[in-house]
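Each remark here refers to the structure printed beneath this line.
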Amino acid sequence: MEIAALVKRIERLEERSAYQDQTIDELVEVVNEQRKSIEDLRRESVRLKEELQQVEELAINGEQQEPPPPHY
């Protein structure tokens, strides 16, 4: 193979490598953003479950403590 052809081939490989590095960096950024979003959603889910549990407990306890209406 001729030297000029080898040089051109190496240059193309270096270009591809540079684009791949850029793409990898962009994908890492996206993955990190998604990880943060997932963690935020997980915390929110836990908070909502706890809040729902409190509401359910209040509803159950409220029914038991509330006297029947006077017309009974």
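A distance of 12.0 Å separates NZ in K36 from CD1 in I38, rounded to the nearest 0.5 Å. One distance of note links OG of S37 with CG of N32; it measures 11.0 Å at 0.5 Å rounding. Rounding to the nearest 0.5 Å gives a distance of 9.5 Å between CG of D40 and CZ of R35. Of the inter-residue distances, the one linking Q20 atom CD with L27 atom CG reads 11.0 Å to the nearest 0.5 angstrom. Note that CG of L48 and CD of E44 are 4.5 Å apart. Values are rounded to the nearest 0.5 Å. Between atom CZ of residue R9 and atom CZ of residue R12 there is a gap of 7.5 Å, rounded to the nearest 0.5 Å.
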Using the rule given for side-chain contact (heavy atoms from CB on, under 4.5 Å), can you reason through E57 versus Q53, listing the C-alpha separation, both sets of side-chain angles and the distance that settles it, and then say yes or no?
CA-CA 6 Å; E57 288 173 6; Q53 212 170 21; 4.1 Å; yes

Evaluate R42 against E39 for salt bridge (Lys or Arg N to Asp or Glu O under 4.0 Å), listing each step before the verdict.
CA-CA 5 Å; R42 186 175 288 137; E39 287 300 317; 2.7 Å; yes

Might you work through the side-chain contact (heavy atoms from CB on, under 4.5 Å) test for E26 and V30, ending with a clear yes or no?
CA-CA 6 Å; E26 291 170 357; V30 168; 5.7 Å; no

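Counting only heavy atoms from C-beta outward, the side chains of Y19 and Q22 approach each other to under 4.5 Å.
Residues meeting the side-chain contact (heavy atoms from CB on, under 4.5 Å) test with D25, sequence neighbours left out: none.
Looking at R47 and E51, a side-chain N of the basic residue comes within less than 4.0 Å of a carboxylate O on the acidic one, giving a salt bridge.
Around the CD1 atom of I3, the shell of radius 6.0 Å holds no more than 12 heavy atoms that belong to other residues, nucleotides or ligands.
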